[in-house]
Amino acid sequence: MMKPEDWKQEQAYLEQVKGMLQEGIRQLEPEVERLGGQATEIRKRFWEEVTVNTASDEDFEETFHSIRQQEALLSERERSYRVRLRQWKNMNRLLASPYFGRIDFREDSESSAERIYIGVSSFADEDGMTFLVYDWRTPIAGMYYDYPLGKASFHAPGGEITGTIQLKRQYQIAGGQLENVFDTSLTIGDELLQQVLGKGADSQMRSIVATIQKEQNAIIRDDTSRMVLVDGVAGSGKTSAALQRVAYLLYKHRERLKADQIVLFSPNPVFNSYVSAVLPELGEENMQQATFQEYLEQALRAEWSLEDPFDQIEYVLTRSDTAGYEARIAGMAYKASAEFLQALHHYGQWLNRQGMQFNSICFRGRELITEEEMRVQFYSYDPVVRLPNRVELLQEWLLRRLTELERDERGEAWVGEEINYLDKEEYAGAFGKLHRAQGVFEFAERYEAVHEKQQNITWGKEDDFDFAEREEDILRQVVVKENFKPLRKSVKRISFINTRALYAQLFQGRETFTGMTGAAELPACWEEICVLTREQLDSQRLFYEDATPYLYVKELVEGVGINTEVRHVFVDEGQDYSVFQYEFLAKLFPRARMTVLGDSSQAIFTQASELRGTSSPLIKLFGEADTRLFRLAKSYRSTREIAEFTKSLLPGGKEIETFHRSGEKPVLIRVESKEQLAAVIRRDVMDLLDQGYASAAVITKTAAESVEAYKLLTEQGLTDMKLVTKTSAEFGKGILVIPAYLAKGVEFDAVLLYDASADVYGQEAQRKLFYTACTRAMHRLMLYSTGEWTPLLLETDSSLYEKRIINL
């Protein structure tokens, strides 16, 4: 229990900090407005202040320096404006809750302790010498997360500082009012964490800086590893730690790292909306966010109709009774494997010797340059030259050949026919353009000379004939050049490589594939996999499992288009990425460090990868020396009762640690029909809302089941709902109906699992999807069934849940 005098001291300090913040805001506001106005005015009047004169070298130099001077002035005003605006925003952000923690730290060389208050940003007194609040990302504030009372240290610019933490205190401040104060000997006291976790789910994720745990802090502040790999159980704070890590990196490397140099690959567009508020809440700009599918579409959508991962999982979950299903599933697994990656690597070596596929260059129904000509030329280059470099050499050869062919084409009959159909504008435009481009002024000069001397004389037949001949030559050049432009553009885009055929020839049969790749083992149904794949390719469609391997083959031949600006890549739900996708990301961002977050227990997609162990593609890709693996085994999201239930669903669930926040047991409710199911869910949703829960998710197995649930619940009068689909871009409060695979990464106050019967979750392969759905619940979990319960519950201790049978 805190002493009254201590409470008074804390209250007084809070008032002091608030008063100084208010004064700082008052002083900064007019300066922010003034600098912002000046920058805007300079930008508006930029060219009015510059006299452009290029009459002589001296005038040009004077103009150049004048422009540079205006640029420097504008840059200085904008920089000053940004600095002051940032200070002003930080002060406003702190005003409602200036700090959340405090440590009293006595350095070994000092006789007294310094009080260090910690908040979302730093705040100093007027002279800037005394910090009233330290940013949570400063080295000294790191001790708050890493040490209990007693010996502690931190790394300052001058070296390691050692000392003793004599007091650790946590605060709840809202609206500028001190609500609670907790003293603790640990990093974060359970009492504060209990209160934070006991709140309702929000439509957007919030920062966790007040409750960062020691193991999360290590992830956030790792600044040396090329690969930070976080394998954490559901609800362990993986994503939250990653976002605080982004904020930490932006703070520590502010002078050389910008938000647009960081990319987050998220599982779906809804998730992008869910996490969008975290960094702005911490005073930082949002990094780039994208789904991996968006990158695939950017690279391939001009040529292909792409399946996305959600359509793929829908196929897996709903099409087991269709022809070719087993072969498709086997193909998904093999095309995501390290073995297939290795096979394609060997395929690239084989293409060095033979097998390249080209598109002939055709013009007006004729082959100008055949595939065979390209193949002969391509393999005439030294075999030691890499495939992309040989493609570049072939490209140069093709452009030269087109120049020759263009010259030959001018005498063809079709050219004369097109000239006859040129209108006046086309005629004049083409003619003038050629003169300007080639510097051909002979005709104009001759015309002027003749006009001056023989203004009233008619040209003779020879002159007339010569002029007409020259005129026709010029127009033939223009016409052919214009018609050859698409051919040149096509060559520059490397369209002469037939990537579709290069990928398709991998699927001609077992013997052919083995000969080209040296693959030792293939799925037993390889021939059927080949047929399915070729059918898609012939229809200009790509299975999701083919998209990244297709890009890999394309880049083997054409080279990789890289991004050297991005410095950090974050991948959430990392277990759902294949070996190929990680290879692709590593090549796409060669200068970037990577942070991957995942949970092998939620690996619901067929292309899933192991995160830990010798089979992890990430450890193989970056090497053990450059990889730091973090294991987060404690779940904070759900109540202890829900967490104990969900971990019982996993074979290795015993290693999951639960946080001691009590609540109600999960409830299993059995009904007789779909109509009863909808009526009971409606009743339970209304009860949950009456109890104050702000978000409730009716989670289904598939998109089709979501549509069914939405329709039945609407008919029951539950109209204030939102149906979430793969195209949804926002995540809001209220009642959602959502497939389990789209709910990954987010959380809800209450989860109502629409149908947990054996008919819906009847296979062992669906265990991870079932687990994922159940672990979205923070406070309440309710499961429904219209028949026998899923066999996935057979090994779950009945004491972990309540059972009800409803007969309406």
Query raised in the report: Can you name the closest pair of heavy atoms from L532 and F543 and give their distance?
Result: O-CE1, 3.9 Å
Report task. Of all the heavy-atom pairs spanning Y550 and R500, show the shortest one and how long it is. Result -> OH-N, 3.6 Å
Requested in this report: May I ask you to decide whether D260 forms a salt bridge with R567, counting only side-chain N to carboxylate O separations under 4.0 Å?
Outcome: no
Query raised in the report: Does any donor atom in the side chain of D572 or S266 lie under 3.5 Å from an acceptor atom in the other side chain?
Result: no
Query - Ion pair E404/R407, N-O distance below 4.0 Å - result: no
Requested in this report: Evaluate side chain to side chain donor-acceptor pair (under 3.5 Å) for R226 paired with T627, printing each intermediate quantity in order.
Outcome: CA-CA 6 Å; R226 283 191 64 217; T627 301; over 6 Å; no
Query raised in the report: Is Q540 atom CD crowded by more than 12 heavy atoms from other residues, nucleotides or ligands, each under 6.0 Å away?
Result: yes
Query - Main-chain N/O of E535 paired to R541 side chain as donor or acceptor, under 3.5 Å - result: no
Query raised in the report: Is D382 reaching over with its side chain to a backbone N or O of V385, donor-acceptor style, under 3.5 angstrom?
Result: no
Requested in this report: Evaluate the criterion side chain to side chain donor-acceptor pair (under 3.5 Å) for residue pair Q505 and Y347; output intermediate values, then yes/no.
Outcome: CA-CA 11 Å; Q505 75 180 359; Y347 180 51; 2.7 Å; yes
Query raised in the report: Among Y295, F271, F570, whose ring-ring contact (aromatic ring centres under 6.0 Å, His included) with F265 holds?
Result: Y295
Report task. Quick one: closest heavy-atom pair of L487 and C362, and the distance? Result -> CD2-O, 3.6 Å
Report task. Verify the ring-centre separation between W414 and F363: is it less than 6.0 angstrom? Result -> yes
Query - side chain to side chain donor-acceptor pair (under 3.5 Å) evaluation trace for Q349 with H346 - result: CA-CA 5 Å; Q349 296 173 342; H346 289 308; 3.3 Å; yes
Query raised in the report: Does S273 reach the main-chain N or O of P269 with its side chain, forming a donor-acceptor pair under 3.5 Å?
Result: no
Query raised in the report: Quick one: are W397 and I369 in side-chain contact, heavy atoms under 4.5 Å?
Result: yes
Report summary line: Closest non-hydrogen atoms of L542 and A547, given as atom of the first, atom of the second and distance, are CD1-CA, 4.1 Å
Query - Non-hydrogen side-chain atoms of E573 and D599 separated by less than 4.5 Å - result: no
Query - Heavy-atom side-chain contact between E558 and P388 under 4.5 Å - result: no
Report task. Apply side-chain contact (heavy atoms from CB on, under 4.5 Å) to the pair L723 and S706, showing each step before the final yes or no. Result -> CA-CA 7 Å; L723 177 63; S706 283; 3.8 Å; yes
**Report entry** Backbone of T291 reached by a side-chain donor or acceptor of E294 within 3.5 Å
**Finding:** yes
Query raised in the report: Is E406 salt-bridged to R488, cutoff N-O under 4.0 Å?
Result: yes
Query raised in the report: Got V316 and M332 here, is their nearest side-chain heavy-atom distance under 4.5 Å?
Result: yes
Query - CA sep, side-chain torsions, deciding dist, call: T318, T702, side chain to side chain donor-acceptor pair (under 3.5 Å) - result: CA-CA 8 Å; T318 64; T702 66; over 6 Å; no
Query raised in the report: Can a salt bridge be assigned to the pair E418 and R364 using a cut-off of 4.0 Å between side-chain N and carboxylate O?
Result: yes
Query raised in the report: Relative to F507, does K335 satisfy both conditions: NZ or CZ under 6.0 angstrom from the six-membered ring centre, and within 45 degrees of the ring's axis?
Result: yes
**Report entry** Pair D311 + K726, salt bridge at N-O below 4.0 Å
**Finding:** yes
Report task. In plain terms, say whether D473 and R410 are close enough for a salt bridge, that is, a side-chain N and a carboxylate O under 4.0 Å apart. Result -> no
Query raised in the report: Can you tell me how far OH of Y741 sits from CD1 of I313, rounded to the nearest 0.5 angstrom?
Result: 7.0 Å
Report task. Go through the steps to decide whether Q602 and Q575 satisfy the test side-chain contact (heavy atoms from CB on, under 4.5 Å), and finish with yes or no. Result -> CA-CA 8 Å; Q602 297 182 67; Q575 74 282 346; 4.0 Å; yes
Query raised in the report: If you round to the nearest 0.5 Å, how far is CG of L522 from CD1 of I529?
Result: 8.0 Å
Requested in this report: Answer with yes or no after comparing the ring centroid distance for F292 and Y577 against a 6.0 Å cut-off, counting only values under it.
Outcome: yes
Requested in this report: Would you kindly check if the NZ (Lys) or CZ (Arg) of R353 is within the cone defined by 45 degrees around the ring axis of Y379 and under 6.0 Å from the six-membered ring centre?
Outcome: no
Report task. Report the C-alpha distance between N389 and Y381 in whole Å, list the side-chain angles of each, state the deciding distance to 0.1 Å, and finish with yes or no for side-chain contact (heavy atoms from CB on, under 4.5 Å). Result -> CA-CA 10 Å; N389 297 115; Y381 302 128; over 6 Å; no
Requested in this report: Output the distance between atom CG (L405) and atom CG (L368), rounded to the nearest 0.5 Å.
Outcome: 5.5 Å
Query raised in the report: Any idea which heavy atoms bring L556 and L387 closest together, and the distance?
Result: O-CB, 3.6 Å
Report task. Report yes if the side chains of Y582 and V596 come closer than 4.5 Å at any heavy-atom pair, otherwise no. Result -> yes
Report task. Measure from the side-chain N and O atoms of R510 to the backbone N and O of A524, and report whether any donor-acceptor pair falls under 3.5 Å. Result -> yes
**Report entry** Pair F358-F378, ring pair (Phe, Tyr, Trp, His ring centres under 6.0 Å): steps then yes or no
**Finding:** CA-CA 10 Å; F358 298 100; F378 184 84; 5.7 Å; yes
Requested in this report: Using modelled atom types only, decide if a donor and an acceptor are shared between the side chain of N286 and the backbone of S276 within a distance under 3.5 Å.
Outcome: yes
Query - Atom CD of Q288 with >12 non-hydrogen neighbours under 6.0 angstrom - result: yes
**Report entry** NZ or CZ of R328 within 45° of Y315 ring axis and under 6.0 Å
**Finding:** yes
Report task. Using modelled atom types only, decide if a donor and an acceptor are shared between the side chain of D308 and the backbone of Y544 within a distance under 3.5 Å. Result -> no
Query raised in the report: Salt bridge or not for K554 and E303, using N-O below 4.0 Å?
Result: yes
Query raised in the report: How long is the gap from CD1 on I361 to OG on S495, to the nearest 0.5 Å?
Result: 9.5 Å
Query raised in the report: Should the pair F513 and W526 be assigned to parallel (<30°), tilted (30 to 60°) or perpendicular (>60°) ring geometry?
Result: tilted
**Report entry** Whether over 12 other heavy atoms sit under 6.0 Å from Q354 CD
**Finding:** yes
Query raised in the report: In Å, rounded to the nearest 0.5 Å, how long is the span from OG1 of T548 to CG of L296?
Result: 4.5 Å
Query - Contact check, side chains of V571 and L597, non-hydrogen atoms, under 4.5 Å - result: no
Query raised in the report: For the atom pair CD1 (I262) and CD (Q289), what is the distance rounded to the nearest 0.5 Å?
Result: 11.5 Å
Query raised in the report: Looking at R366 and E409, does any basic side-chain N land under 4.0 Å from a carboxylate oxygen?
Result: yes
Requested in this report: Please work out whether the ring planes of F340 and Y503 are parallel, tilted or perpendicular, with thresholds of 30° and 60°.
Outcome: perpendicular
Query raised in the report: Looking at D231 and S600, what are the two nearest heavy atoms and their distance?
Result: OD1-N, 3.8 Å
Query - Expected output: side-chain E705 to main-chain K701 donor-acceptor under 3.5 Å - result: yes
Query raised in the report: So Q395 and I494, side-chain contact (heavy atoms from CB on, under 4.5 Å) or not? Walk me through it.
Result: CA-CA 7 Å; Q395 182 185 51; I494 319 184; 3.9 Å; yes
Query - Among E372, Q377, E373, the one residue meeting side chain to side chain donor-acceptor pair (under 3.5 Å) with R375 - result: E372
